[in-house]
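So you know, we letter chains A, B, ... as the sequences are listed, proteins then strands, and number each from 1.
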Number of protein chains: 2
Amino acid sequence: MTGSDPRSYGHFCMLAKALERVGDRWALLVVRDLMSGPKRFTDLMDRMAGITPKTLTRRLRDLEADGLVEADREAGRREVWYQLTPAGEDLQPALEELLLWGLRNVAEPPRPDEPVHPEHVLRALQLQLQREGVDAGSVRWAVHVPGTGNYTFTGDGGRWELRSEDGPETTADISIRATRSALARFLTAPPPRDPHTEDIEITGTASAIRTFFKAIDVFPPGSHIQRPLDA
Amino acid sequence: MTGSDPRSYGHFCMLAKALERVGDRWALLVVRDLMSGPKRFTDLMDRMAGITPKTLTRRLRDLEADGLVEADREAGRREVWYQLTPAGEDLQPALEELLLWGLRNVAEPPRPDEPVHPEHVLRALQLQLQREGVDAGSVRWAVHVPGTGNYTFTGDGGRWELRSEDGPETTADISIRATRSALARFLTAPPPRDPHTEDIEITGTASAIRTFFKAIDVFPPGSHIQRPLDA
DNA sequence: CTGGATCCATGATGATACTG
DNA sequence: CAGTATCATCATGGATCCAG
């Protein structure tokens, strides 16, 4: 009412001001997908199944105007690359806490028709391992998901990292190969997990595989403590 | 086809699932104001200037359905008290990170007509002191703001707390008395601050007041490191 | 092909007034 | 005190189309 901008809350509260910038529908999901590096318009369209081009355009323009996103439009090049500014990257702690809240409070198994991007599942695993302080020594896990690229999961003394690998497969302690949905089902199922699941292939030394299974026992959260019995 | 609920993102991503529950407009501001204790409908209306009763009702019903908020409707009593469930309280880390992001990235001084609630400003100060690890020993500051109640700010070895005081004024090292907007202007102005500002009254020993001013030098963020000099 | 824009439908939100 | 009712507006979704 007071503010010239109807989308403003008009409160002198930094949470309200934060939400004025990232509170719109899809906004934080755009930031999430740009967190792993610059992307093109169609890259973002692919990852965010369900968004319309109109809405994505609007979100990118808003985020750009608020200084969270930067568009690289090089002359003579077709593609437009969107990337986060420092202010955008600075949202990482908030995104992590929101993701962990979702992990703790709305953990539902994936529905059969629900699109799954490996990066989102692996990111959840990484944050949970980090949060629980799981220390599996110095390990390196390669994850291969046909159609969405390869990921490398590394742990070193309680510190975990997730990287997307564009190049050829690198050496790793274990190698996991699965479809998108199989990976999601495997990781979201409560322990104990079956090392010989049909639809997922894990290779490596028996010792490395045991280390892997022991580490991911903390995922999903609460599963190693207790399981509520319902759907 | 994909989602029976049109408000669902339809992604298997815990951040998306979190945003399905707290991503609606005003939702996180409701959670914010319930974080300091149970409130009535009109309490929330007062704090969230600009929300319409229809929208507040809708948000409370949604949050209740999602298990974040609980309504106490005692028979024979007019008032309805809303409070957070454990899942709702569990949002505190996420709210704190979002607030700190706002503090770091959109720090604007309050506009003259902008309603200010002391709790929001003091909460920002608390989080910043905590985040910066400021240790002022064991201190107790009383804040009196006519019309919005009293607050007690306590610090003990790097750990800071903010409480709303319903009862009479308790003993404290210093006592701050100001209007809403004066308090906001005082705290959001970059240091060095003037201990003898006209529109704010600070009482206590000279030593205690020095401790106070030194502690709040970290607020707002970045102000104690460097100030951009333009023009 | 990428990176959008346009048209239309609908649901969410805002403004204002009123009620059990 | 705690909402509901009504109307207006805006953001978003769905589908299609277009320019470089």
Side-chain angles (χ1 to χ4, degrees), chain A residues 1-11 16 19-30 33-34 38-65 69-83 115, chain B residues 1-11 16 19-30 33-34 38-66 69-83:
Chain A
M1 48 196 231
T2 22
S4 45
D5 183 5
R7 291 172 52 188
S8 161
Y9 289 107
H11 294 189
L19 292 174
E20 285 169 12
R21 281 147 184 88
V22 298
D24 281 331
R25 191 162 162 79
W26 296 103
L28 281 182
L29 298 187
V30 172
D33 279 346
L34 288 179
K39 305 269 181 306
R40 293 173 302 178
F41 190 87
T42 42
D43 296 334
L44 294 170
M45 284 293 292
D46 288 344
R47 284 163 172 260
M48 291 185 283
I51 197 173
T52 64
K54 176 179 181 175
T55 302
L56 180 55
T57 300
R58 174 43 95 97
R59 283 296 85 80
L60 288 169
R61 295 287 175 280
D62 289 348
L63 290 169
E64 204 179 346
V69 163
E70 207 173 31
D72 270 7
R73 307 162 192 277
E74 256 180 49
R77 180 158 51 73
R78 297 175 72 78
E79 303 91 50
V80 181
W81 289 85
Y82 294 96
Q83 59 182 324
Chain B
M1 302 302 181
T2 3
S4 46
D5 183 5
R7 292 171 52 187
S8 162
Y9 288 109
H11 293 190
L19 292 174
E20 286 170 11
R21 279 145 186 91
V22 298
D24 281 329
R25 193 163 160 78
W26 296 102
L28 282 181
L29 298 186
V30 172
D33 279 347
L34 289 178
K39 304 270 181 304
R40 293 172 301 178
F41 190 87
T42 42
D43 295 334
L44 294 170
M45 284 293 292
D46 288 344
R47 283 163 173 260
M48 291 186 281
I51 197 174
T52 65
K54 178 179 179 174
T55 301
L56 179 55
T57 299
R58 173 45 93 103
R59 284 294 86 81
L60 287 169
R61 295 288 176 278
D62 289 348
L63 291 170
E64 206 179 344
D66 285 332
V69 163
E70 206 173 32
D72 271 5
R73 308 163 194 276
E74 256 180 50
R77 179 160 50 75
R78 273 184 86 73
E79 301 92 345
V80 180
W81 288 86
Y82 293 96
Q83 60 181 325

A:D46: which residues meet the side-chain contact (heavy atoms from CB on, under 4.5 Å) condition with it, sequence neighbours left out?
none
From CZ (B:R58) to CG (B:D24), nearest 0.5 Å
8.5 Å
Is any NZ, NE, NH1 or NH2 atom of the basic residue among B:K39 and B:D33 found under 4.0 Å from an Asp or Glu carboxylate oxygen of the other?
no
Rounding to an integer number of Å, can you tell me how far A:M45 CE sits from D:dA15 P?
12 Å
Write down the protein N/O and nucleotide N/O pairs, taken from nucleotides 1-7 of chain D, whose separation is under 3.5 Å; answer none if there are no such pairs.
from, atom 1, to, atom 2, distance (Å)
D:dC1, O2, B:R78, NH2, 2.6
D:dC1, N3, B:R78, NH2, 3.4
D:dA2, OP1, B:V80, N, 2.6
D:dA2, OP1, B:V80, O, 3.3
D:dA2, OP2, B:F41, N, 3.3
D:dA2, OP2, B:T42, N, 3.3
D:dA2, OP2, B:T42, OG1, 3.0
D:dG3, OP1, B:R61, NH2, 2.9
D:dG3, OP2, B:Y82, OH, 2.4

Just call it for B:R59: base, sugar-phosphate, or nothing, with non-hydrogen atoms closer than 4.0 Å on any strand.
sugar-phosphate
Are any non-hydrogen side-chain atoms of A:L56 and A:M48 less than 4.5 angstrom apart?
yes
Set of salt bridge (Lys or Arg N to Asp or Glu O under 4.0 Å) partners for B:D72, sequence neighbours left out
none
Phosphate-side-chain proximity, A:W26 and D:dA11, N/O vs OP1/OP2 below 4.0 Å
no
Expressed in angstrom and rounded to an integer, what is the separation of B:E20 atom CD from D:dT12 atom C1'?
15 Å
How close or far is atom C1' of C:dG3 from atom CG of A:D72, stated in whole angstroms?
15 Å
Taken in chain and number order and not counting sequence neighbours, the residues that satisfy side-chain hydrogen bond (donor to acceptor under 3.5 Å, both in side chains) with B:T42 are none
Within the 4.5 Å heavy-atom criterion, are B:L44 and B:L34 side-chain neighbours or not?
yes
Please give, in whole Å, the distance from D:dT12 P to A:R58 CZ?
8 Å
For the helix from C:dC1-D:dG20 to C:dG20-D:dC1, what angle separates the axis at the start from the axis at the finish, each from five pairs, in steps of 10°?
40°
Is there a side-chain contact between B:T52 and the phosphate of C:dA15, meaning an N or O under 4.0 Å from OP1 or OP2?
no
Give a yes/no answer on whether the side chain of A:R25 brings an N or O atom under 4.0 Å of OP1 or OP2 in D:dG13.
yes
Check the surroundings of atom CZ in B:R25: do more than 12 heavy atoms from other residues, nucleotides or ligands lie under 6.0 Å from it?
yes
Atom-to-atom span, CZ of A:R7 to P of D:dT9 - whole angstrom:
19 Å
Could you state the CG-P distance from A:D24 to D:dC10, rounded to the nearest angstrom?
15 Å
Within the pair A:T55 and D:dG13, is there a side-chain N or O less than 4.0 Å away from OP1 or OP2?
yes
How close or far is atom C1' of C:dA12 from atom CG of B:L19, stated in whole angstroms?
17 Å
Within this structure, what is the CG-to-C1' distance between B:L56 and C:dA15, rounded to whole angstrom?
16 Å
side-chain contact (heavy atoms from CB on, under 4.5 Å) involving B:A71 - partner list, sequence neighbours excluded
B:E64, B:R73, B:V80, B:Y82
